[in-house]
2 protein chains.
Amino acid sequence: MRNDLRKSDIHLDGIDKRLIELLYDNARTPVSELARSVSMTAPSVNERLKRLEESGVIAGYRVDIDPLALGYSLIAIVRMRQLPGKMHELEAQINLIPELVECDKVTGDDCYIARLYLKNISELDPILDSISDLADTNTSIVKSTPVKRRLLV
Amino acid sequence: MRNDLRKSDIHLDGIDKRLIELLYDNARTPVSELARSVSMTAPSVNERLKRLEESGVIAGYRVDIDPLALGYSLIAIVRMRQLPGKMHELEAQINLIPELVECDKVTGDDCYIARLYLKNISELDPILDSISDLADTNTSIVKSTPVKRRLLV
DNA sequence: CGTGAAATATCATAGCA
DNA sequence: TGCTATGATATTTCACG
């Protein structure tokens with residue numbers, strides 16, 4: 001990470017953006033193939049990737065697992081509002097729920113918004129019970145996903 | 001995708017899980033290195049990956065971009081409830097908002113829950129205005145993320 | 001499902017523009 | 001920042017258990 005620049009100063013040119021798009025489509029694309037796609041040599045593309053990694057723009061490369069293929073056929077979005085004095089306990093507890101894959105703490109009436117993957121609707125109640133002494137909850141079930149997580153570049 | 005199995009029938013053994021963990025940490029890890037980590041040969045690891053890809057468990061490999069490094073310093077979660085007869089128009093409109101990187105349609109009072117990345121809070125109002133004829137909205141700003149998107153395996 | 005071995009392709013580095 | 005050249009690694013295929 002370069003500390004001599006504010007993060008927001010980082011500028012991507014067209015080639016950087018194209019490389020990122022290609023790597024968003026398939027992060028295991030060989031550098032040599034990326035190089036062909038942008039009409040550059042492999043070493044130069046390699047250097048660009050290193051710079052993007054060191055500047056923090058590229059935070060990593062991750063395998064994308066399909067929860068449905070593993071039998072997680074339900075997504076629940078749970079909004080939580082911690083009970084008085086229970087904030088730390090709640091944050092500790094939600095970290096112990098493996099089905100809970102993401103949680104944001106937000107402004108407004110709902111204090112936390114979490115995303116859970118479930119194999120069966122019957123798994124929901126025991127999970128909510130495990131935090132019922134720590135927070136009031138409001139659960140929605142995802143019916144469809146009109147916009148799937150997409151690239152911001 | 002194998003169509004002779006229900007998706008939920010797919011079973012991962014310990015080696016599959018370890019490979020997925022390694023690829024979640026770094027999806028560009030060479031097969032040969034994965035092979036060393038699980039004490040197998042490269043061709044067998046290659047075959048396992050092919051099977052995981054063909055069965056749909058591995059949906060892909062994606063570069064992970066840090067929005068903050070690009071100057072997107074704010075995350076907003078917008079809950080929307082479409083106005084009567086405006087559902088299709090709303091879904092079309094949200095697809096046109098580049099800052100909106102994800103949207104789920106859910107059961108309950110809120111019909112849609114979307115995630116937006118913003119460089120500046122002043123960008124929020126024009127975006128909300130662009131859908132104000134289509135939906136009532138309720139916006140929360142993310143203060144922190146107690147659970148960052150994590151692997152479900 | 002797994003392996004070893006060999007052909008092919010890719011990566012990483014150094015030196016130069 | 002980028003290129004070429006090169007030695008070290010990695011990938012992929014195949015015959016086989």
Side-chain angles (χ1 to χ4, degrees), chain A residues 1-66 69-71 153, chain B residues 1-66 69-71 153:
Chain A
M1 178 78 67
R2 295 173 61 173
N3 290 315
D4 57 328
L5 285 185
R6 293 201 321 276
K7 283 191 158 191
S8 58
D9 282 336
I10 293 168
H11 171 259
L12 305 185
D13 67 13
I15 290 184
D16 290 332
K17 287 183 188 174
R18 182 80 186 113
L19 291 173
I20 287 172
E21 282 166 8
L22 290 163
L23 289 169
Y24 191 74
D25 188 53
N26 178 11
R28 285 182 72 81
T29 309
V31 174
S32 54
E33 191 180 326
L34 297 175
R36 281 190 288 276
S37 300
V38 300
S39 304
M40 283 187 137
T41 60
S44 341
V45 168
N46 218 358
E47 280 209 9
R48 274 177 182 263
L49 296 186
K50 284 233 167 58
R51 283 198 290 276
L52 289 168
E53 290 160 13
E54 280 165 15
S55 67
V57 173
I58 291 182
Y61 307 91
R62 327 223 167 273
V63 67
D64 180 7
I65 298 300
D66 179 7
L70 296 177
V153 174
Chain B
M1 180 77 65
R2 297 174 59 174
N3 290 315
D4 56 329
L5 284 186
R6 293 201 318 276
K7 283 191 159 193
S8 59
D9 282 336
I10 294 168
H11 171 260
L12 305 186
D13 67 12
I15 290 183
D16 290 332
K17 287 182 187 173
R18 182 81 187 111
L19 291 174
I20 287 173
E21 282 166 8
L22 290 164
L23 289 169
Y24 191 74
D25 187 53
N26 178 12
R28 284 182 74 80
T29 309
V31 173
S32 54
E33 190 181 327
L34 298 174
R36 281 192 288 275
S37 299
V38 300
S39 304
M40 284 187 141
T41 58
S44 26
V45 169
N46 218 359
E47 278 209 10
R48 275 177 182 263
L49 296 186
K50 284 233 167 57
R51 283 197 290 277
L52 289 168
E53 290 161 13
E54 280 164 16
S55 67
V57 172
I58 291 182
Y61 307 91
R62 313 209 182 284
V63 68
D64 181 7
I65 298 299
D66 179 6
L70 296 178
V153 173

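Every chain is numbered from 1 and lettered A, B, ... according to where its sequence line falls, protein lines coming before strand lines. This one's a predicted model, so the numbers in the text were calculated from it and none came from an experiment.
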Original post:
Is a salt bridge present between B:Glu47 and B:Arg51, judged by a nitrogen-to-oxygen distance below 4.0 Å?
Top reply: yes

Subject >> Contact under 4.0 Å: A:Arg36 side-chain N or O vs C:dA9 OP1/OP2 >> reply: no

Subject >> Short side-chain N/O contact to C:dC11 OP1/OP2 from A:Asn46, under 4.0 Å >> reply: no

Subject >> For atom NZ of A:Lys50 and atom P of C:dA12, their distance in whole Å >> reply: 6 Å

Original post:
Tell me: CD of B:Glu47 to P of C:dT3, nearest whole Å?
Top reply: 10 Å

Original post:
Looking at B:Arg28, does any N or O in its side chain come under 4.0 Å of the phosphate oxygens OP1/OP2 on C:dT10?
Top reply: no

Original post:
Does a salt bridge link B:Lys50 with B:Glu53, judged by any charged N lying under 4.0 Å from a carboxylate O?
Top reply: no

Subject >> Interatomic distance where CG belongs to B:Asp13 and C1' belongs to C:dC1 [whole Å] >> reply: 11 Å

**OP:** Using whole Å, report how far CG of B:Asn26 lies from P of D:dA10.
**Re:** 13 Å

Original post:
Counting just side-chain N and O atoms, does B:Ser44 come under 4.0 Å of either OP1 or OP2 of C:dG2?
Top reply: no

Original post:
In whole angstroms, how far is the C1' atom of D:dT12 from the CG atom of B:Leu49?
Top reply: 13 Å

Subject >> Residue whose closest nucleotide on DNA chain C lies nearer the 5' end, A:Pro43 versus A:Glu33 >> reply: A:Glu33

Subject >> Spacing between A:Leu34 atom CG and C:dA12 atom P, to the nearest angstrom >> reply: 12 Å

Subject >> Residue B:Thr41, side-chain atoms from C-beta onward, closest of D:dT11, C:dG2, C:dG4 >> reply: C:dG4

**OP:** Return the value, rounded to whole Å, for the distance between atom CD of B:Glu53 and atom P of D:dT11.
**Re:** 13 Å

**OP:** Answer yes or no: does a side-chain N or O of B:Ser32 lie under 4.0 Å from OP1 or OP2 of D:dT9?
**Re:** no

Original post:
Is there side-chain contact between A:Ile65 and B:Ile58, with at least one heavy-atom pair below 4.5 Å?
Top reply: yes

Subject >> Atom-pair distance (CD1 on A:Ile15; C1' on D:dT1), nearest Å >> reply: 11 Å

Subject >> Non-hydrogen atoms of A:Ser55 and B:Ala69 that approach each other most closely >> reply: O-CB, 4.3 Å

Original post:
For A:Arg48, which of A:Val31, A:Ile15, A:Val38, A:Leu12 qualifies under side-chain contact (heavy atoms from CB on, under 4.5 Å)?
Top reply: A:Ile15

